[in-house]
Amino acid sequence: MKFISIMLGGILIQNFVFMQYLGLCPFLGLSEQMDTALGMSGAVIFVMTFASTVAAAFEQFILVPLHLEYMRTIAYILVIAGFVQLVEIFLKKTVPSLYKALGIYLPLITTNCAVLGVALLNARQSYGVLWGTVNGLAGALGWSVAIIIFAGIRERWKFMNIPGTLKGFPLALVATSLMALSFQGFSRLFASVLK
Amino acid sequence: MGEKLIVTPSPHIKSPRTVKGVMLGVVISLLPACVGAVVLFGMNALLILITSVVSAVVAEALWQRATKQEITVGDFSAVITGLLLAMTLPPGVPLYVPAVGSVFAIVIAKQIFGGLGSNFVNPALAGRAFVLAAWPMSVAGAWLNPLTHDAVSSPTPLAVLKGGGTNIPGLWDLLIGNRTGSLGETSIILLLLGGLFLLVTKIIDWRTPVGFLGTLFVGTWIFGKPGALFQGDGLSAILLGGAVLGAFFMATDYVTSPVTPKGRLIFGIGAGLVTLLIRLWGGYPEGVTYGILFMNLMTPIIDRFVVPKYYGYEHDARARKSAEGKR
Amino acid sequence: MKRSLLHEFTKGFIEENATFRMVIGMCPTLAVTTSVKNGFWMGVAVIFVLTFSNVFVSLLRKMIPDQIRIPIFVILIATPVVIVELLMRAYLPAMYEILGVFVPLIVVNCIIIARAEAFAYKESVLRSFLDGLGIGAGFTCNLMIIGGIREFLGTGQIALGSFVFPSVKLFEPLVVMLTPPGGFMTLGLLMAILNIAVARSAQKKAH
């Protein structure tokens, strides 16, 4: 039950982009083409899930026993940056095809505040390693759903007669507003069943 | 600037049917239900309808004038947006609600993106979602009793069901619209009359409403009764709330729904599923608005992945395969 | 041609405005701008971190090897972030709760690493200090303006301490402005209006 609740929460009810304002820079910047959006989604799902695992393990086995919780921000950013580096090297050596597909997106992930964001949220809610990982996966899936939908919409704009001064970020933000409005219907979904 | 090459997304088929003609058809199909709304809910309903339509038309004209475009309010699309928005509102809302909703629908949901044909969500529904989120109290609680027009605190039948109650109006009352609800959603007979007109004139495709209402019917029948499968009241489910209004008049919007027949069926089923999800387990009593809006967002993806087979393609592929086999 | 010192400070408000000209740091710009007050405190936190990291990057710029400069920047940014976190938790616990995860997230705010890389790594300590102060103050202004619009429309009033304006609500507040859809819309429309204004003035100059 907790699994379903966290998954639905991350994807529909508390979508990272539409409800929690996380990962907006890459969401706005990399959504102009479907291929880019798909590639970035793959990379984010991979990194965010396992970065959550690593960060939660770091919290549980190093920070808490040593009473260093106040150093969480520094510790996490270093752990995550190191993890992304490792993933890059590991993929390059072992799964070159996957590296080819995701490689260029991996360095961009460091600018995605959702990765650090979900790790910090996990620690605040003391999710532990297992549920932290699940929450990371749910958040990453939610972010991916959002950027893929948005890329679908944005690809059509190329053919449309849009006033020049509105093109780019203003329009992208207004569109995000309409998408967030559409996702409001999911608020409190399953609230009566799950709690 | 001179002549420009205009590039537009498909379909490119030319037919004698004009935008204006189609839109006029939709307006005509909505009129019975609008008259019904005024009969059922009185002057309030009329004022809301007028406010909504006038604000929509004025907003469109002013925007087009400000951006130095051709003014196209004569194509009735703004009129339809205004009418549809008004029909989704409770009859007791203050008049600033339809006014703000219409301006939002026309300017933010449609004109900013380049006007008719470029919007990705149904403008009227976006307007409704906006005013519902802006003033949740006054928009979700301003119900009037039909015919007597007195303000009631009694909730709509769907809200009754949400609260765990079972006391909802009978079938005949539901068909003629003798129940609390939004302006234009209650009178099922008049809505079906308009819907039939649109089907007969081939303005809309049957697949969307059938997929939508069918999913809602079957889904409610299976899951509608807590604790027991296959015992829900599917028929009431499609007669309650805005299901009929949404399925015939909003989910079928050309601009924001898929172009292929298969895509339209998927759209209808998807909208039905989200509506069902919200009605049975969500935070709101009614989910039609969000069901359709969600599928509006999915439309580009549906259009991308559900493409009709090219004529002769299958044959070609088989021929190539056999040729490869021989080698 | 070297710019004047005053200009290093003032450029952050208009020509190198983080939100509207460079479009970076979107998450906090939307997440914490439900009121002028929240925007102000978030802005103060950013000013502190940005000035601190700019000064130290500039101080150490001759010692930092080029290849590993980014990890070193990150540490130089994370340090003041932790300081701000601890200070806020101690002295402004209510505000720390409201701003939530977005205080530690300053560490990945693109504004700060962008200034370290593009400015402080090349310029003198004094200039970097002024740059951090100016860009940070410009960012704070943005947060307060967006916060003000959303607070006014969303609650009908603007509250600054005990001073509330206007004292009587003039209209039924639009709650949606305090939620994500309202935030995205406010920023989008503000940017659109600014773009139009800039295009107009460019047109006038051309004539």
Side-chain angles (χ1 to χ4, degrees), chain A residues 14-29 70-78 80-82 85 107 109-125 163-184 187, chain C residues 19-33 70-71 74-75 77-86 89 97 100-111 113-114 176-177 179-200 202:
Chain A
Q14 287 291 320
N15 186 288
F16 263 37
V17 176
F18 300 137
M19 294 295 146
Q20 304 206 42
Y21 311 97
L22 285 173
L24 293 181
C25 291
F27 172 79
L28 294 170
Y70 67 92
M71 292 295 282
R72 195 183 277 153
T73 309
I74 285 195
Y76 276 20
I77 186 80
L78 293 177
I80 290 171
Q85 285 285 312
I109 287 192
T110 19
T111 67
N112 190 339
C113 61
V115 178
L116 181 61
V118 76
L120 289 168
L121 285 172
N122 286 341
R124 282 182 179 219
Q125 302 189 346
T165 40
L166 298 175
K167 261 184 196 153
F169 283 103
L171 204 65
L173 282 162
V174 173
T176 311
S177 163
L178 291 173
M179 294 164 74
L181 209 53
S182 309
F183 265 69
Q184 292 239 310
S187 68
Chain C
T19 314
F20 296 107
R21 304 294 293 175
M22 302 196 280
V23 200
I24 48 181
M26 284 293 110
C27 296
T29 309
L30 289 156
V32 304
T33 51
I70 300 290
V74 169
I75 295 171
I77 294 165
T79 313
V81 170
V82 172
I83 297 173
V84 164
E85 249 190 296
L86 295 175
R89 200 185 299 178
E97 275 306 308
V101 73
F102 290 95
V103 177
L105 280 182
I106 295 176
V107 93
V108 280
N109 190 321
C110 340
I111 297 175
I113 198 135
V176 68
M177 298 311 287
T179 63
F184 289 119
M185 191 177 80
T186 310
L187 185 57
L189 293 183
L190 260 180
M191 267 187 199
I193 291 168
L194 268 166
N195 280 1
I196 292 167
V198 169
R200 283 261 165 88

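All chains are named by letter (A, B, ...) in the order of the sequence lines, taking the proteins before the strands, and each is independently numbered beginning at 1.
Proximity to chain A (any heavy atom under 4.5 Å) is shown, for C:V198, by neither the backbone nor the side chain. A:L166 touches chain C through its side chain: at least one heavy atom from C-beta onward sits under 4.5 Å away, while N, CA, C and O do not. When heavy atoms are compared at a cutoff of 4.5 Å, A:L178 does not approach chain C at all. Both the backbone and the side chain of C:T79 come within contact range of chain A, judged by heavy atoms closer than 4.5 Å. Both the backbone and the side chain of C:I196 come within contact range of chain A, judged by heavy atoms closer than 4.5 Å. C:V107 touches chain A through its side chain: at least one heavy atom from C-beta onward sits under 4.5 Å away, while N, CA, C and O do not. Contacts of C:T179 with chain A are made by both backbone and side-chain atoms, with heavy-atom separations under 4.5 Å. For C:A199, the part sitting under 4.5 Å from any heavy atom of chain A is the side chain, from C-beta outward, and nothing else.
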Side chain to side chain contact (heavy atoms under 4.5 Å, CB included) between C:L187 and C:T19, intermediate numbers included: CA-CA 9 Å; C:L187 185 57; C:T19 314; 3.9 Å; yes

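In this structure, A:A119 and A:Y76 approach most closely via the heavy-atom pair O-CE2, 3.5 Å. Taking each heavy atom of A:G117 and C:L105 in turn, the nearest pair found is N-CD2, 3.7 Å. In terms of heavy atoms, A:L28 sits closest to A:A172 at CD2-CB, 3.9 Å. Summarising the geometry of A:Y70 relative to C:L86, their closest heavy-atom pair is CB-CD2, 3.8 Å, with the distance given to 0.1 Å. Nearest approach of C:P180 to A:F18, heavy atoms of both residues: CB-O, 2.9 Å.
When each of C:G25, C:P28, C:P71, C:P104 is scored by its heavy-atom pairs under 4.5 Å with chain A, the top score falls to C:P104. Annotation: maximal heavy-atom pairing with chain A below 4.5 Å, among C:A78, C:G100, C:P181, occurs at C:P181.
In this structure, A:R124 places its CZ atom where more than 12 heavy-atom neighbours from other residues, nucleotides or ligands lie under 6.0 Å away.
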